Amino acid sequence: MTFYEELQLNQAGSKKIIKNSKNGREKIYHIVIYLFKIILSLAFCIAFVLGFIILFGNNNSNVGVVTLLCILVFRNVDLEIHIHQAMVSLVAMFLVFALGSHFAHYNNLFISTFIHLLSIGTLMILGCHNIKMSNHSTLVLSYLLLYGYDVSGTAYMKRLVGLALGALLVCIVYYHKHHKKVYEAKIKDLIQAFDLHSARTQWQLLITLSVSSALLLAECFHFLRIVWVGIAAMSVLVPYRKNIKERLKQRICGNILGIIIFFVIYNCFPSYLYNNIGIIGGIGVGLSATYGWQTVFNSFGALAIGTNLFGFPEAMFFRLVDTVFGVIYGFVFEVLFYLYIRKNGKFFSED
């Protein structure tokens, strides 16, 4: 395996090579490549998001994050439709990001919930046809991030321009990576594949209904960070039911451990370390090969933002409550959803 090929491996792949090294020298060589890859990836991500901040303002940093997430996903994963149709689909998804996440803040709860249903449902149909790819973890997360950090006025106009640039960049990367693949399917085929008797459609409905209703309940109960509830609910709804209990445990335990580590850093270490907590979290995610540890380090950024909004230690309390509520709600909703399907004769394989 060449140096470049080794840089393309994920965390699990890199750690496997390190573990299987024949001698100490070879192990050190692979460890150096692994650490270099993490530093290189982190530097690129910081520079990319910083570029969006410079162009569109600090309030629109999440536009850079969303664009980056989509680039990282769609450089490897295709939508399994004709390349030109895929371009249209990607633009449509960015339109959902731009419009749905903003207008869902309408004062009427029922209208807001309808917009959530329409937006998330559209993302699931256009971008999550192959459920094995778990594209919802990027697309729905992107929608929720923009919803949770909404802007107005001039900042929103800049957000629209930023998302237009983001859509262009994602389309360029997608075309470069996938234009040689031959697919005959079109967007209309994705829509026509919507069938209440199919496992795919039922899973798409599960994500759409559970996340939208979780946001509605969080709004009704006056949660201070509604988006944390929505993300937590989505996080446990994996395509294969046999994995949901493990994901639930990892999400809750990961956040608890992340809160404990954040508390220690905030109280026991110099302020410059806390001021760079987001970078520390990014490095931690890069070193993590499992979802549980990724959850631990992902919580750092959210807690840092929460501390700026609510203060310390209130942010830790809200983070824990929102996460536990969202995770448990998502799990209970999933159980009741498939129980309803069984009772109505629409049972399908859970493998």
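Predicted, not measured: the structure shown is a model, and the values here were computed from it.
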Determine, using ring centers only, whether Tyr106 and Phe103 are less than 6.0 Å apart.
no
Please work out which of the three classes, parallel, tilted or perpendicular, describes the rings of Tyr329 and Phe333, given edges at 30° and 60°.
tilted
Quick one: NE2 on His105 to CG on Asp150, what's the gap to the nearest 0.5 Å?
4.0 Å
Counting the benzene-type ring for Trp, do Phe110 and Phe114 have ring centres under 6.0 Å apart?
no
Test side-chain contact (heavy atoms from CB on, under 4.5 Å) on Ile81 and Lys186 and set out the steps.
CA-CA 5 Å; Ile81 56 178; Lys186 299 179 179 180; 6.0 Å; no
So, Gln85 side chain and Ile187 main chain: donor-acceptor pair closer than 3.5 Å or not?
yes
Output for pair (Leu209 CG, Thr113 OG1), nearest 0.5 Å, gives 11.5 Å
Any idea which heavy atoms bring Ile120 and Ser212 closest together, and the distance?
CD1-OG, 3.8 Å
What is the ring orientation for Phe263 with Phe312, classed by angle as parallel under 30°, tilted 30 to 60°, or perpendicular over 60°?
parallel
4.5 Å side-chain heavy-atom contact, Lys158 and Thr154
yes
Correct closest heavy-atom pair for Arg200 and Ala193 would be NH1-CB, 4.2 Å
Identify the two heavy atoms, one from Ile115 and one from Gly100, that lie closest to each other, and give their separation to 0.1 Å.
CG2-O, 3.5 Å
May I ask you to check whether Phe337 and Tyr340 place their ring centers less than 6.0 Å from one another?
no
Are the side chain of Thr201 and the backbone N or O of Ser198 linked by a donor-acceptor pair below 3.5 Å?
no
Go through the steps for Ile260 and Met316 under the test side-chain contact (heavy atoms from CB on, under 4.5 Å), then give the verdict.
CA-CA 9 Å; Ile260 294 172; Met316 297 189 300; over 6 Å; no
Do the two ring centres, one from His179 and one from Tyr174, sit under 6.0 Å apart?
no
So, do Leu196 and Leu205 sit near enough that their side-chain heavy atoms are less than 4.5 Å apart?
yes
Are Leu55 and Val161 linked, directly or through intermediate hydrophobic residues, by side-chain heavy-atom contacts shorter than 4.5 Å (ILVMFWY only)?
yes
Centre of Tyr149's six-membered ring, under 6.0 Å away, within 45 degrees of the axis: is that where NZ or CZ of Arg225 sits?
yes
About how many Å separate OG1 of Thr323 and CG of Asn255, when rounded to the nearest 0.5 Å?
4.0 Å
Indicate yes or no: at least one non-hydrogen side-chain atom of Leu165 is less than 4.5 angstrom from one of Phe56.
yes
NE2/His136 to SG/Cys128 distance, rounded to the nearest 0.5 angstrom?
7.0 Å
Is the side chain of Asn60 donor-acceptor paired with the backbone N or O of Ala155 at a distance under 3.5 Å, no angle test?
yes
Whether the side chain of Arg319 engages the backbone of Ser299 through a donor-acceptor N/O pair (distance < 3.5 Å, no angle test) should be reported.
no
Is the ring centre of Phe223 less than 6.0 Å from the ring centre of Phe325?
yes
Report the C-alpha separation of Leu90 and Met93 in whole Å, then their side-chain angles, then the decisive distance to 0.1 Å, and conclude whether the side-chain contact (heavy atoms from CB on, under 4.5 Å) test is met.
CA-CA 5 Å; Leu90 289 170; Met93 286 186 276; 3.6 Å; yes
Between Ala232 and Asp322, what is the shortest heavy-atom contact and its length?
CB-O, 4.3 Å
With Leu146, which of Val227, Leu163, Val151 fulfils side-chain contact (heavy atoms from CB on, under 4.5 Å)?
Leu163
Please answer whether the main-chain N or O of Ala104 pairs with a side-chain N or O of Ser112 as donor and acceptor at a distance below 3.5 Å.
yes
Minimum heavy-atom distance between Ser142 and Phe97, given as atom pair plus value:
CB-CZ, 3.7 Å
Check: Ser41 side chain, Ile38 main-chain N or O, donor-acceptor pair, under 3.5 Å:
no
Side chain of Glu80, backbone of His129: donor and acceptor closer than 3.5 Å?
no
Rounded to the nearest 0.5 Å, how far apart are CG of Leu216 and CZ of Phe221?
9.0 Å
So, do Lys177 and Asn76 sit near enough that their side-chain heavy atoms are less than 4.5 Å apart?
no
Can you check whether Ser134's main-chain N or O pairs, donor with acceptor, with Ser137's side chain at less than 3.5 Å?
yes
Close side-chain approach of Leu69 to Leu141, heavy-atom, < 4.5 Å:
yes
For the backbone of Ala86 and the side chain of Ser89, can you confirm whether one donor and one acceptor N or O come within less than 3.5 Å of each other?
no
May I ask you to test the Trp203-Tyr338 pair for a side-chain heavy-atom distance under 4.5 Å?
yes
Please round to the nearest 0.5 Å and tell me the distance separating atom OG1 of Thr122 and atom CG of Leu117.
10.5 Å
Carefully, step by step, assess Trp293 and Leu257 under the rule side-chain contact (heavy atoms from CB on, under 4.5 Å).
CA-CA 9 Å; Trp293 281 107; Leu257 182 55; 3.8 Å; yes
Angle between ring planes, Tyr156 versus His102, binned at 30° and 60°: parallel, tilted or perpendicular?
parallel
Would you check if the distance from the ring center of Phe74 to the ring center of His178 is below 6.0 Å?
no
In the structure I gave you, are the side-chain heavy atoms of Asn62 and Phe52 within less than 4.5 Å of one another anywhere?
no
More than 12 heavy atoms of other residues, nucleotides or ligands under 6.0 Å from CZ of Phe317: yes or no?
no
How about Glu184: does its CD atom have over 12 heavy atoms from other parts shown lying under 6.0 Å from it?
no
Lys181 atom NZ: more than 12 heavy-atom contacts under 6.0 Å:
yes
Specify the closest pair of heavy atoms between Ser14 and Tyr34, including all atoms of both residues, with the distance to one decimal.
CB-CD1, 3.6 Å
N/O donor-acceptor pair under 3.5 Å between Gln250 side chain and Tyr291 backbone:
no
